[in-house]
Amino acid sequence: MKIKGPLFDLNQSLCCGQTFRWQSSEDHWWYSVVNDRIVKVRQIEEELEFEIQPGLSAPKEFISNYFRFDDDLESIYQKIGKDDFLIKAISQARGLRVIRQDPWECMISFIVSQQNQIPKITRSIETMAQKFGTCTIFEGKNYYLFPTPEQLCTAKIKTLQSGFNLHGCALGYRARYVLGTAYLIYNNALEFRLDDLKKLPYNTAYRLLIDSFFGIGPKVADCVLLFALDKLEAFPLDTWTRRIIRKLYFNDERIKDEKIKEFCADYFGEFAGYAQEYLFCNRINICQSNPGKNMTKAL
DNA sequence: ACCCAGGCGATTG
DNA sequence: CAATCGCATGGG
């Protein structure tokens, strides 16, 4: 099936670190598990070709919902393209879209992402899926759904934590955060469902996430809000974007996160999350080195 | 042998 | 309140 879509760059959108379960194959096809379905996608020129199994009643809507085709990118570019830095960053990743993910999977993924590196995050999540998720077969290959809260609750903390020679989940100290979160969700111990947070204002949802879960702080909360709960004003502040904002707008001064986020909300406005994605995507160009490198003593 | 990673919670001053 | 520490594991 095909969609002649709006402005869109599949590779930029899949490779920018917002999602961790896509794998590229021969012929430029990408494969992933989206919720409980295997999805296969490739982009040729302006056309997005895809296949979804098992069969769906509204596959095109599924795809355009997942890739947020309703976001008017040109209009968003107008709003976040406030200066030459952003205009450059946008031009380098034109067509990158925020992807609308499942809140549960997104939350666990970004808990795993803390104080971690993208290749290792990817490997950890894949291993968790293989160990605890449901297996389905597509084109003769095994694919594993992201584990449900119930499935994750069966995990032993040591199994999640340990790496044993690259065969374990290797979550390290984050294992207890993941397990604790799974327990809370599975036992329905919260006053709200994750999806309910979509209906709340950004600030309320932000506080609820941080206050309800063990291991979710400002950064992870903002990732979940941006990538899964439709809060495009969320601006996840990680080591990279912190350094980028300080460098571009504060002359490398060591100002506090609270001030940075205040500035970003003000400066970029309702689509600050998109600004964050384009800046993060261009982090190497902007910083030209690791953020923390040799900075510990210098400050 | 270091030092760091898409941070967070606990502990100090 | 603000600033600093420890954390598990893997990679450079």
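Just so you know, these numbers use all the heavy atoms, side chains as well, and skip hydrogens, waters and symmetry mates. Protein chains get the first letters and strands the later ones, always in sequence-line order, with residue 1 at the start of each.
Between the side chains of A/Gln115 and A/Tyr173, no donor-acceptor pair of N or O atoms lies under 3.5 Å.
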Name the pairs: protein N/O against N/O of nucleotides 10-13 of chain B, kept only if under 3.5 Å.
none

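Each of C/dA8, C/dG11, B/dG6 was ranked by its minimum atom distance to the side chain of A/Gln161; first place goes to C/dA8. Among the nucleotides C/dA8, C/dG11, B/dC8, the one closest to the side chain of A/Pro218 is B/dC8. Checked against B/dC8, B/dG6, C/dA8, the side chain of A/Tyr177 finds its nearest nucleotide in B/dC8. With C/dG11, B/dG6, B/dC8 as the choices, the nucleotide that has an atom nearest any side-chain atom of A/Asp238 turns out to be B/dG6. Which of C/dA8, C/dG11, B/dG6 sits closest to the side chain of A/Leu166 comes down to C/dG11. Checking C/dA3, C/dT9, B/dG7 against every side-chain atom of A/Lys256, the shortest atom distance belongs to C/dA3.
Contacts of A/Ile118 with the nucleic acid, taken as non-hydrogen atoms under 4.0 Å apart, include base atoms. Using a 4.0 Å heavy-atom cutoff across all strands shown, A/Ser162 reaches sugar-phosphate atoms only and no base atom. Contact annotation for A/Gly215: backbone-only contact, meaning every heavy-atom pair under 4.0 Å involves sugar-phosphate atoms and none involves a base.
In terms of polar N and O atoms assigned as donor or acceptor, the side chain of A/Gln115 comes within less than 3.5 Å of the base of B/dA5 in a complementary pairing.
Rounded to a whole angstrom, the distance from the P atom of B/dT11 to that of C/dA8 is 14 Å.
Mapped onto DNA chain B by nearest heavy atom, A/Phe213 and A/Cys223 fall at different nucleotides, with A/Cys223 at the one closer to the 5' end.
We find that the ring of A/Phe110 and the base of B/dG6 do not stack by the test of centres under 5.5 angstrom and planes tilted less than 30°.
Remark: the backbone N or O of A/Leu171 is paired with a side-chain donor or acceptor of A/Arg174 at under 3.5 angstrom.
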